[in-house]
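Below: one structure, written as structure tokens.
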Amino acid sequence: MPIVIEKLTYTYQSGSVNAFTALKDIDLTIKDGEFVGLIGHTGSGKSTLIQQLNGLMQPTSGRVIVDGYDMSDKKQRAKGRSLVGMVFQYPDYQLFDETVYKDISFGPRNMKLDNDEIDRRVREAMRLVGLDFDEFAEKSPFELSGGEKRRTALAGIIAMYPKYLVLDEPMAGLDPAGRRAVLEMIDGFRSQLGCAVVMVSHSMDDIARSAEKVVVLRDGRIFTCGTPQEIFSLADELYEMGLEPPFAARMASDLRRRGLLLPHGIYTNEALAAALAEYKGGRGNA
Amino acid sequence: MLKDITLGQYFPADSVVHRLDPRTKLVLLIMYIVAVFIVKDIWVFGLVLGFMLFMTAMSKVPLNYVLKAIKPMRLLLPLMFLLNLFMIRTGDTIVSWRFITITTGGVRQALFIVLRLIALVTGASLLTLTTTPVSLTEGLERLLSPLKIIKFPAHELAMMMTIALRFIPTLLEEADKIMKAQLARGADLESGNIFKRAKAMLPILIPLFVNSFRRAEELALAMESRCYHGGEGRTRLKVLKFGWRDLWAILIMAALIAAVVILQSNLDIDGYIIGLLRPLWTRSA
């Protein structure tokens, strides 16, 4: 069963003078196992939207249904929330326990699992995020490096085996190698746990690489939603909105403007390389 | 959740009271407290409360804003009133029924304690309503600076207050984020007895503390890299000026204290009124 969002509107401090409507009339479905990329400029409502997914905020009007559980209802919310794992931007907001092992087991312990199952899940989660069990399990989370902290935070959510994994800018502040590692990890969870992923990112390159569906938010509304191919063919519109289309999409657009007859819908480096090779091959043959 | 809490209750307006030097306002508050405590006659107290109302009117702060300060004492005030009413046994006895005895001294004392508390709290809240936290700490620093001779860290104290005030909203916002992150991990903050709930707060308090220490270190580094080295030789963008307005305010306050002292040493209105009312209880007794 999917997450269904119907006519979702959210207003901060509704009824007061400072009332601010962050989300307007959002309709969106997140299917099982789907990888959804969520993009939008700062203040477009991305963070507000993902907090609706596990009931940390409730809609002012409209509904959020997670696998049949209505997130506006207090009792159903707890059940719905256990299906949605949420990783926040900064691991510092989450790590608190004495050891990495204990910290990762916090979520599973709250789920009231038995100790063997918790132990199994913690080991599995640490393996999936690439933290060596013998080296890290007994370390304090506060003496880790930035990247290791982020892995620990991720593992803390993974160990809950969420059906939907929601990531708020998981790559913020990481170097290119770190970004790649996180992306590969996310792909790893997806293939091994079969969870759906909702990823918020500023970097369209990262979204272009893995997402099956891309949602573009603008001023609290869904500006456009579709496959990466459909979205990134709008490279110029995205650029106008203050977003940076993927490198390959921009390059293809520039090359086309210079008269190279490249096909539309190129948004990954691999596709661009292939198209260019074909183009050169075609000319060479002629 | 936590963002709804408002701290620092400054009420922005353009009034004579707002424009007073913060040092003047601090001194006025101290003088006002002295006045409140030297009053011994309930009817002279009307003078002090009248002055309070006059200042509120001058400050353009709505009266109900000032009175809001009394709200947290809504339990304390009746309790103090009743305790004094029943416990103090001086003067004439008005009512004597089984173990309950009410005397004129008790009534006076009960009224006094309530009026004093109200006068003190509204006076202090008028100060914070009309003075921004930053100028308040600056005023405090300047008032305390003569104590630097005996190595009292006036500047450091003021700087600490400023920083603390500055970071209250930041901390609240951060606590909100941490709470959400732990709720998303299935933390249960609402059920269980008080010990369980206190224990459930740990996953929120620990990251909050760790982050605060880190931020304090970063702030210290940022201040040092801009050559901050304490108060010595430090100049200000806005220099406080003690003007005619301030002198007048202090003179008026001094006049109030003088009036209180003279009035109650020459008149005994309370005694007069008690004398007038005495037939009421002597007849029934």
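As the structure is a computational prediction, the values presented were derived from the model and not from experiment.
Note that A:R123 lies in the cation-pi zone of A:F133, set by a 6.0 Å cut-off to the ring centre and a 45° limit from the axis.
Atom CD of B:E217 sits about 11.0 Å away from atom CG of B:L219, to the nearest 0.5 Å.
Of all the listed residues (A:D97, A:D92, A:V166, A:L95), the one sharing the greatest number of non-hydrogen pairs under 4.5 Å with chain B is A:D92. Among A:S82, A:P108, A:P141, A:G107, the residue with the largest count of heavy-atom pairs under 4.5 Å with chain B is A:G107.
For A:N54, the part lying under 4.5 angstrom from a heavy atom of chain B is the side chain only. For chain B, the nearby part of A:M160 is the side chain; its heavy atoms alone come within less than 4.5 Å.
Judged purely by distance below 3.5 Å, without hydrogens or angles, the side chains of A:R81 and A:Q76 never pair a donor atom with an acceptor atom.
Proximity of the aromatic rings of A:F88 and A:Y93 is defined here by a centroid distance below 6.0 angstrom, and this criterion is not met.
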